[in-house]
Amino acid sequence: MIEVVNAFVDGNALLVTERVGSEMRKLRLRPEYSFFVRASDLDEDFAAMLRGSRALLAMKREGDWVRLCWADEWTRKAMVRGRKAQKNWSRAGEEEKAEPSPFQQRGIQTFEGDVDPVCRWLTDTPDARIARARRGYGDLETDSRCTIVEAKQGKARVVAIGLSSEDETFQWKDVLREWTDAEERRIIEGFFAQATQCGFDQLLFWNGEDFDFEVLSKRIERLGLDVDMRMKLWLDHMVLFRRMNLNSSDSGAEKQSMALQAIAQSQIGEGKEEIPPEVAARWPGRSLGSLTYELWEAGGWFRDLLVRYCMKDVLLMPRIERKTGFVALFDTLCDACRVLPDSRGLLPTRQMDGFMLPLAAARGHRFPTREWTDEESKPFAGAFVMAPKIRGIAREVHVVDFASLYPSIILTWNMSPETKARDLPVNGPIPEGYCRSPKTGTGFSTAVDGILPIALREMIRLRKEWSEKAAKLPPGTPEAKEAQRWSMAYKVAANSFYGVVGSPFSRFYDRSVAESVTQNGVWLIQETISAAEERGMRAVYGDTDSAFFQGASQTEVEAFVKWCNEELYPSLLAKVGCRKEHVAIKLAYEKAFERIVIVEKKRYAGVFRHYKGTLAKPMPAIGEAFDPARHSRPEIKGLEFKRGDATVLARQLQEAVIMDMMRGVERLADYRSHLERALAHVCTEDLPIGEVQQVKSLSKRPKDYHRKTPTGKDAEVPPHVKVAERIEAAGKSLGEGARVAYVVVDGSDGIEAISAEEYRGECDRYYLWEKLVYPPTMRVLEAAFPDEDWQTGLEKIRPKKQKPTADQRAVAKADAVGQASLFTALGDPALANPAPPVAASSEAKTTEGGAAVLSQELEWEMRWRE
DNA sequence: ACCTATCTGATGGCTG
DNA sequence: CAGCCATCAGAT
């Protein structure tokens, strides 16, 4: 057994680091640039010609295949793809013609001709297994006078570095003593020496892919250090956290920022480092992270502060890991999928490569070389979502769902690129030895198990094995936790397979297979719903793999699920040709909602009666405070409460209303008072930035958003992009994936917004209410009480524009930004004073606003009673 | 550089 | 200039 710690190609060597007991050993191997062809495709003449080629290093017969090993990557590429047409600019007018490779000329298909030497070696060395990495966590501070872009170009000196072991018993930090190259060389070399001495193979940095790793590599190059970055596995803890947390985060609060401080706050309750008064006094309004040079330059206590700040960030990471266990799970996943645990190992395409290639090779199967196409791939149809059939607050709604629907479908229909039937009629009788996807007509051979089902069955088997092992071990022990991680790793990997098959960038891409997976899902859930309705149950909603039913008791639903599994599916699946021993479709009775309100497709809130047979805790009674020990929280899907791009005010109001609905509040006046309180707050009180900001991420660089309108003008870019450009104009750079926090200061005619940092308490409160806070809650109320008239008079509060004179135009603008005329909206003209509202003290504002709100509340109460 | 379905909000054209 | 529709973007 070879325990592989690391492996990379260095020139013409494949360097593998292996752990043997407590020793590290280095293997120096030849990197293999190979592909396979079918032995039957290779005639004697061509084989002889190849043998004579100096570029071919080896040719080996392996079963039905011939393995051809080439001198280098360039040669292999030319043999696989031929030479592309190239414009030769040096010789004007001349163009080099495209030249197909000898394999292309003969129409010989190549297989696995894009696999890199590390993956190739891991695939061909069944003895090799990915070692559990020893983890170190690090952070570095660079010269704050440089922009991020400059720093990533290697122009910013590294000022300080911190490093810690996972258990924090080892901690190391260093800072420049002089502003010289020699000093920077000393601390960077020190960092690597410490990491190596501690035996860290894997180094985790927060946002490392987008900053630290690039900076380090550029500085190493610039300073000419004798350090090889490739000797370590670099893993971006932030990217890892984001991927793993996608499935488990609940409220919108956690989704606003991926900053280390924000994640630390939500995960371990460890907050931001307070800015010491000395710093605030000397550099008002600046964050510690933006002052690295200044703190260093000030020396003494300030320089120590810089180092403490750096080290604090380092230590947050192992603490987050102790809470989440995400890195340990990832390491297990890498072990299971035979990929190295660095940032690239996070990509599902690589994980599937790592799992599938060896498994297929052992069964004599090879995959076609991955084609590189610029063409847009045709989209394919996905899941079925039923339009909600109920209005109002429904009682006793039962939910059934399929266990791991897509993997089960792949098993049941024996779906795999190589089992896919060619020339099978899309309808009519199904020939013996085939099954068919009823909605796409795509058929699959059932004679030999497909490689994809084999892989999935293996994963499911291993998952079960580890779950059983975990159950036998004393709970909470490291062994039990490790067994649970294995079980979870196989689940994660198995669930990502369908997505990889649907991705044009993967070697397993097959559009018709992917579409048949989703469409078999559509067929199954629709058949289930029809069968239920025939038995008198009413389907009220369903999404992809679930159906929501009314009009049946718990016992009846249980009986229905049993009947589906024992009779319905076996008979349906036999009719489409699936073999009995392949059938893996299983319906489960997942839960029942005591109360549920479905606002739209994919948007609902409900409270459980039971979950997987376990009786749920009740909601707090009306008027009773929420106590997590005794009460359930409602399950909320898709609504603004769950969304990081909604304002906090919108989420709070929506949550308050949902909590009341779920505990049975029926008096509409109670809901109204929530609205009124919120409106009064929005209109008249101080609004901290955290309550009013919207957060959206950039899916590309800001400049890439610009385009022309159909009429040829420059089109407006989305508000968050405009703000990103304001931020960039102020000297900070924002790239793809950056999150922009912003506040709308005038939404009366188009959107005018500022960045959250520029916010000084002034925003367009009309816009905030009319567009951000009120509608999400109103949609829930309208769904819950559809027969009420929800013309509350609260939906539009911005005063109408009257034909303004030149003079008045200026005032109108001030109005939109300020709040004076809000008092008009609240119905008290006496308070509608256009004098500068911003200058008023917060106390005065609250008092005035309070009075205005009170009169309004009375008025509503009266209208309500009528 | 794992999938699609779906909602909501902003923009921009067109219409009456 | 409100209302309708199409399109894009982001989040789930």
Side-chain angles (χ1 to χ4, degrees), chain A residues 239 243 246-247 249-252 255-256 343-344 346-353 370 372-373 377-388 405-406 492-511 513-519 521-522 542-545 598-604 636-647 650 694-700 704-722 724 736-737 739-740 744 747 749-753 767 770-772 775-776 778-779 796 800-801 803:
Chain A
V239 176
R243 283 199 103 95
L246 268 183
N247 308 317
S249 71
D250 41 23
S251 87
K255 295 170 190 153
Q256 287 214 335
S343 291
R344 282 168 307 172
L346 288 164
L347 301 176
T349 43
R350 283 192 172 257
Q351 294 167 8
M352 188 162 170
D353 271 2
R370 184 157 42 104
W372 199 260
T373 52
S377 53
K378 269 207 285 174
F380 65 88
F384 166 70
V385 185
M386 185 182 183
L405 179 62
Y406 288 172
V492 169
N495 284 339
S496 70
F497 273 25
Y498 146 73
V500 178
V501 171
S503 165
F505 301 108
S506 117
R507 77 177 67 256
F508 308 102
Y509 174 62
D510 190 318
R511 187 181 169 280
V513 172
E515 186 163 58
S516 295
V517 173
T518 61
Q519 296 315 290
V522 172
D543 184 350
T544 310
D545 60 353
I598 307 182
V599 180
E600 289 287 355
K601 283 179 174 179
K602 295 185 185 288
R603 300 163 72 83
Y604 60 84
I636 301 176
K637 296 282 189 196
L639 296 172
E640 283 71 8
F641 171 74
K642 296 267 287 188
R643 297 178 62 111
D645 59 342
T647 59
Q694 296 173 73
V695 183
K696 283 199 174 118
S697 38
L698 298 170
S699 62
K700 45 194 172 191
D704 296 333
Y705 284 88
H706 289 275
R707 46 173 77 233
K708 297 280 182 198
T709 66
T711 53
K713 284 181 293 182
D714 288 334
E716 293 280 340
V717 294
H720 70 293
V721 180
K722 265 190 254 175
E736 188 184 319
R739 274 160 206 261
V740 182
V744 172
D749 177 24
I751 303 288
E752 196 185 314
Y767 168 86
E770 290 180 359
K771 297 286 181 174
L772 303 180
M778 270 321 293
R779 285 192 287 265
K796 287 213 158 100
K800 277 254 160 55
K801 265 195 225 163
K803 303 147 245 170

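Each chain gets a letter, A, B and so on, in the order its sequence line appears, and its residues count up from 1. Excluded from the calculations below are hydrogen atoms, water molecules and symmetry mates; all remaining heavy atoms, backbone and side chain alike, are included.
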Inset, instruction - Look at all strands and tell whether A/Gly499 reaches a base, only sugar-phosphate, or nothing, counting heavy atoms closer than 4.0 Å. - result: base

Inset, instruction - Please list, in 5' to 3' order, the outermost nucleotides of DNA chain B lying under 4.0 Å from any heavy atom of chain A. - result: B/dA1 to B/dG13

Legend entry - 5′-ward residue of the pair A/Gln694/A/Pro379 relative to DNA chain B: A/Pro379

Legend entry - Dot-bracket line, read 5' to 3' along DNA chain B, where crossing pairs take [ ] and | marks a partner on another strand, Watson-Crick or G-U under 3.5 Å: ....||||||||||||

Legend entry - DNA chain B: 5'-proximal contact among A/Glu736 and A/Lys602 (nearest heavy atom): A/Glu736

Inset, instruction - Quick one: label A/Phe380 by what it contacts on the DNA or RNA (base, sugar-phosphate, nothing), any heavy atom closer than 4.0 Å. - result: sugar-phosphate

Inset, instruction - Carefully, step by step, assess A/Glu640 and A/Arg603 under the rule side-chain contact (heavy atoms from CB on, under 4.5 Å). - result: CA-CA 9 Å; A/Glu640 283 71 8; A/Arg603 300 163 72 83; 2.8 Å; yes

Inset, instruction - Please lay out, stage by stage, how A/Lys796 and A/Glu770 fare under the test side-chain contact (heavy atoms from CB on, under 4.5 Å). - result: CA-CA 6 Å; A/Lys796 287 213 158 100; A/Glu770 290 180 359; 4.1 Å; yes

Legend entry - A/His706 and A/Val717: CA distance, side-chain angles, deciding distance, side-chain contact (heavy atoms from CB on, under 4.5 Å) verdict: CA-CA 6 Å; A/His706 289 275; A/Val717 294; 3.5 Å; yes

Inset, instruction - Would you mind listing every salt bridge (Lys or Arg N to Asp or Glu O under 4.0 Å) that reaches into residues 496-510 of chain A, with sequence neighbours excluded? - result: A/Asp114-A/Arg507, A/Asp353-A/Arg507, A/Lys420-A/Asp510

Legend entry - Non-hydrogen atoms of A/Phe380 and A/Ala514 that approach each other most closely: CZ-CB, 3.7 Å

Inset, instruction - Could you give me the CA-CA distance, side-chain angles and deciding distance for A/Thr518 and A/Phe384, then say whether side-chain contact (heavy atoms from CB on, under 4.5 Å) is met? - result: CA-CA 9 Å; A/Thr518 61; A/Phe384 166 70; over 6 Å; no

Inset, instruction - Name the nucleic acid region contacted by A/Ala383, choosing base, sugar-phosphate or nothing; use a 4.0 angstrom heavy-atom cut-off, strictly under. - result: sugar-phosphate

Inset, instruction - List in numerical order all residues of residues 705-714 of chain A for which some heavy atom is under 4.0 Å away from an atom belonging to DNA chain C. - result: A/Tyr705, A/Arg707

Inset, instruction - Would you please name every residue forming a ring-ring contact (aromatic ring centres under 6.0 Å, His included) with A/Phe508, sequence neighbours left out? - result: A/Phe367

Inset, instruction - Take A/Glu600 and A/Arg779 through the test salt bridge (Lys or Arg N to Asp or Glu O under 4.0 Å) and record every step on the way to the result. - result: CA-CA 9 Å; A/Glu600 289 287 355; A/Arg779 285 192 287 265; over 6 Å; no

Legend entry - First and last nucleotide of DNA chain C, 5' to 3', lying under 4.0 Å from heavy atoms of chain A: C/dA9 to C/dT12

